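Okay, so here's the structure we're looking at.
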Amino acid sequence: MDPVLDTLTECSDETLLAQFATGDQAAARALTARHLSRVFNLARRMLSDTAEAEDITQEAMLKLWKIAPDWRSGEAKVSTWLYRITSNLCIDRLRKRRSVGLDKAPEPVDPSDSAELGMQKQDRARALHKAIQTLPERQRLALIMRHFDEMPNPEIAAVLETSVEAVESLLSRARRALTATLAPKAGSLGLSR
Amino acid sequence: MTKDTMPDFDLDALLAREKKAEVPSQALMARVLADAADIGARYTPPAPQAPQVPRKRWAFLAPVFGAPGLIALGMCALFGFGVGLGNAETLVQIPGMEQVIALIDGNVVPNNPYYTLELLMTES
């Protein structure tokens, strides 16, 4: 382990960002280690495309580096700000895709599965991701943050700049839509109770 | 029961199975850190500031009443004491002063106490 990173693990995001604004690269490494995976996975699940998710992640982190000297302490959590930026970048990318008719993203496939054993698992994953991709953007974001990132509803509300009640409504509608899409295939996908 | 309240499959279990996060590639990590290095190079660490020494109220009198002033005062007092000790009526009578004047004038000074006065009268 990097001893410098070790000492920075206890620092808050705001402190690290302030340190980065004075040219401290160790602070940038600590922030990257802390947030890169979550930002990348949010983008990957939203876009279902690893290369595009990497571009979005890089862009979101770049915005973080650029805002560092102007960061106003106490206004928003760094993580919330970062996921909001990522969400907006993903929505922009999805809209751009639609405008050029490219909304047929490749479905994620787990290469670790053997052909026979993983067939049904892959089908299930594919069906779920396909169903998630049909959700409206904000429902999709809320569902991914709640179920995959395990973010509490108030934090999701902060990212989406809405109320907790609105997040609950988004989640409820997303779950209903997913259920409606997947229910007819439940038997063939081995989803039945 | 409706499908909304009790679907015939467990959606939560399905979502939980797909929770596994993908590890970002090293290439992405390198790209992000390269951006940080690029942007961070524009940010400079704050310059170390010299400790603030409180300004003294009478500091402006230091050249006159400080150490240089005291030294000058001491030298003048010694000079005056020397003049008094020699009981000289003119500067020339002060031991060593003749040589000082000669050096200034560039001339050899005669042993005449009124030499400078005579010189002034003849030259004018």
Side-chain angles (χ1 to χ4, degrees), chain A residues 19-25 27-29 31-33 36-42 44-45 50 53-55 57-62 64-66 68-69 108 110 121 124-125 127-129 131-132 143-144 146-150 172 175-176 178-180 182-183 185-187 189-193, chain B residues 1-70:
Chain A
Q19 281 179 281
F20 173 69
T22 63
D24 184 351
Q25 286 299 310
R29 285 200 300 277
L31 280 168
T32 305
L36 190 74
S37 180
R38 282 181 78 183
V39 169
F40 167 70
N41 278 291
L42 173 62
R44 184 179 64 87
R45 287 185 169 119
T50 303
E54 286 189 342
D55 287 348
T57 306
Q58 187 180 6
E59 207 174 328
M61 296 301 287
L62 184 64
L64 182 67
W65 307 142
K66 283 183 177 171
D110 189 345
K121 198 176 159 192
R124 256 198 317 256
L128 176 66
H129 285 286
I132 290 173
L143 185 99
I144 289 169
R146 183 75 191 93
H147 287 282
F148 296 130
D149 289 336
E150 295 181 330
S172 171
R175 290 172 63 85
R176 273 204 302 273
L178 280 186
T179 304
L182 293 170
K185 304 169 194 163
L189 294 172
L191 293 171
S192 301
R193 285 177 192 273
Chain B
M1 291 264 180
T2 63
K3 275 187 178 177
D4 280 359
T5 53
M6 184 64 180
D8 51 7
F9 69 94
D10 190 348
L11 181 62
D12 286 328
L14 179 61
L15 289 168
R17 272 203 292 267
E18 295 304 318
K19 199 187 278 184
K20 196 177 81 179
E22 201 174 285
V23 179
S25 66
Q26 286 299 311
L28 174 61
M29 181 77 90
R31 274 158 59 185
V32 168
L33 290 177
D35 284 344
D38 188 31
I39 302 288
R42 299 177 207 164
Y43 308 147
T44 49
Q49 291 193 337
Q52 293 273 326
V53 178
R55 194 188 164 95
K56 287 178 185 165
R57 182 180 273 186
W58 305 107
F60 70 95
L61 294 175
V64 180
F65 295 103
L70 284 175

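Quantities reported herein were computed from a predicted structural model and do not represent experimental measurements. So that the names make sense, note that chain A is the first sequence line, chain B the second, and so on, each numbered from 1.
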Exercise. Would you find a donor on one side and an acceptor on the other, under 3.5 Å apart, between the side chain of A/Gln58 and the backbone of B/Leu28?
Worked result: no
Exercise. Taking every heavy-atom pair that is under 4.5 Å apart, which of B/Ala13, B/Ala36, B/Gly40 has the most such pairs with chain A?
Worked result: B/Ala36
Seminar exercise, completed: For A/Asn41 and B/Ala21, the nearest pair of non-hydrogen atoms, with its separation, is ND2-CB, 3.5 Å
For this session: Measure the CD-CG distance between A/Glu59 and B/Asp35 for me, rounded to the nearest 0.5 Å.
Result: 10.5 Å
Seminar exercise, completed: Whatever's closer than 4.5 Å to a heavy atom in chain B on A/Phe148 counts as both
Problem set entry | Student check: side-chain heavy atoms of B/Arg31 and A/Asp55 closer than 4.5 Å | yes
Problem set entry | Toward chain B, the part of A/Arg38 with a non-hydrogen atom under 4.5 Å | neither
For this session: Starting at CZ of B/Arg42, measure out to NZ of A/Lys66 and round the result to the nearest 0.5 Å.
Result: 6.5 Å
Exercise. At a heavy-atom separation under 4.5 Å, does A/Glu150 approach chain B through its side chain, its backbone, both, or neither?
Worked result: side chain
For this session: Answer with side chain, backbone, both or neither: which region of A/Ile144 has an atom nearer than 4.5 Å to a non-hydrogen atom of chain B?
Result: neither
Exercise. Which distance, rounded to the nearest 0.5 Å, do you find between the OH of B/Tyr43 and the CD of A/Gln25?
Worked result: 10.5 Å
Problem set entry | A/Thr50 and B/Glu22, any side-chain heavy atoms less than 4.5 Å apart | yes
Exercise. What distance separates B/Glu18 CD from A/His147 NE2, expressed to the nearest 0.5 Å?
Worked result: 13.5 Å
Problem set entry | Value rounded to 0.5 Å, distance of OG1 in A/Thr32 from CG in B/Leu33 | 4.5 Å
Problem set entry | Top of B/Ala16, B/Pro24, B/Ala37, B/Ser25 for chain A proximity - count of heavy-atom pairs under 4.5 angstrom | B/Pro24
Exercise. So which of B/Asp12, B/Val23, B/Ile39, B/Leu15 has the biggest tally of heavy-atom pairs under 4.5 Å with chain A?
Worked result: B/Leu15
